[in-house]
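Scroll down for the structure; my scribbles are underneath it.
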Amino acid sequence: MSLLDKLDAVAAARKALLPEGVEVFGMPIDEIYSSTEAKIGDHRILFLGTNNYLGLTFAPECKQAAHEAIESEGTGTTGSRMANGSYIGHRALEHELADFYHCHSCIVFTTGYQANLATISGLAGPGDVVLIDGDSHASIYDGCRLSGAEIIRFRHNDMADLDKRLRRLGERSRSTLIIAEGIYSMLGDKAPLAEIVELKNAHNSILLLDEAHSLGVLGHTGQGLVEETGLIDEVDFITGTFSKSLGGIGGYCVSNHPQLDQLRYISRPYIFTASPTPATIASTRAALKLLRDGTQLRSQLWDNVHQLYSDLQQLGYRLGPEPSPVIATILDSPQQALALWKGLLENGIYVNLILPPAAPEGSSLVRCSVSAVHTREQMNFVGQAFAKVREVLSK
Ligand code: PMP
């Protein structure tokens, strides 16, 4: 098969799954009105699939900071920090994140995806082992591939399986990096952190926790699962992203291991890409302040989470195992998921459609992400729309 034939096969496979004319992936958004509302075609729609957990994309403090940074430092850095140097903002944000986590070191990356790529491939290498949860995000899988380490998966959140695999490794568990996520991006469930920590200590391994979906969401100051569980000192490396609760783009790794800084000299996804723009860094710094003081926002977020989770449960939808800002409805087939997704869109609600192989264990998901700034009226409207679509689908 030629290179282009292979892409034709991809197009054919997609066409077989999705009806002609239904623009499911990469939907054109015509206007953005706010953190939660936009226009698609002629219709006003409610965003219920973005990861804008604290609704900060339109926060005046963040917009103002970004404007000022563009005025004073320009639109881009046009190169990597290794080659072109680190702006004051890059360094300041690293200090602020280290301070937020009470950690020794922090490195900021251009995306959350690169934060995982750079950290994992910087820590583990050929001859080492990466032991990862089966439901890990693609950036974790890709970081592991880039590392050249042996990749071993344990069943999602299954501690007996993790224990078994660590035992099998014997002495090699000492050069093993265990990776878990604060809140998993597909089903919205949390990692059993206390048990993972116990196992990693028993086997002298290193633990990396990706707090992409839990930053700003869990813990009194929003550090994530490490704060909710009080286990921050037991986690070796924490990665996360600016693209969800912080409403921007970029990523970070924090650690109390001073060796973290060495990644700046060996990690290709840090060295060989342009550094974050001044506007991105400035809005993220402003957002981090709001996130730290965001107890009120977190409480609104969790009110909305509990309302939607219980509404959907009462309507008979099959959901992920626990309420969280990621609320996944699990459908039996891609066709059913597509029908639910389309029905919601026709009712003015835009959510994520996740089809195999992206969803875990061959399932198909319609995934909602709840925001602190969804109003009570919007949440009621969402509940009514899910009820209406369920009636239509069950006919
Ligand atoms: N980790 C997890 C768990 C994620 O869900 C994502 C993004 N969805 C990332 C990392 C990558 O972050 P970003 O999109 O900001 O590059």
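All ligand and atom numbering here is 1-based and tracks the order in the structure. Heads up: numbering here begins at 1 and tracks the sequence.
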Verdict with reasoning, E96 to K289, per salt bridge (charged side-chain N to carboxylate O under 4.0 Å, His left out): CA-CA 9 Å; E96 285 154 10; K289 281 202 195 101; 5.8 Å; no

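Each of the atoms 1 (N), 10 (C) of ligand 1 lies under 4.0 Å from some heavy atom of S139. Applying the 4.0 Å criterion to heavy atoms of Y113 picks out, from ligand 1, the atoms 11 (C), 12 (O), 13 (P), 16 (O). The contact set between ligand 1 and E181, taken as ligand atoms under 4.0 Å from a residue heavy atom, comprises 3 (C). Proximity to T241 (heavy-atom distance under 4.0 Å) selects the following atoms of ligand 1: 12 (O), 13 (P), 15 (O). Below 4.0 Å from some heavy atom of N116 lie the following atoms of ligand 1, by number and element: 1 (N), 10 (C).
Salt-bridge formation is not detected for the pair K200/E234: no Lys NZ or Arg NE/NH1/NH2 atom is positioned less than 4.0 Å from an Asp or Glu carboxylate oxygen.
In this structure, of H213, H137, Q114, the residue bringing a heavy atom nearest to atom 6 (C) of ligand 1 is H137.
The nearest protein atom to atom 14 (O) of ligand 1, hydrogens excluded, is given as S243 OG, 3.7 Å; this is a heavy-atom distance.
Residue contacts with ligand 1 for T239 are absent, since no atom lies close enough (heavy atoms, distance under 4.0 Å).
Within a 6.0 Å sphere centred on CZ of R174, heavy atoms belonging to other residues, nucleotides or ligands number 12 at most. Within 6.0 Å of the CD atom in E322, the count of heavy atoms belonging to other residues, nucleotides or ligands exceeds 12.
A cation-pi arrangement is absent between R292 and F100 under the rule of less than 6.0 angstrom and at most 45 degrees off the ring axis. Annotation: cation-pi geometry satisfied between R390 and Y317 (NZ/CZ under 6.0 angstrom from ring centroid, within 45° of ring axis).
The shortest heavy-atom distance from K244 to ligand 1 is under 4.0 Å.
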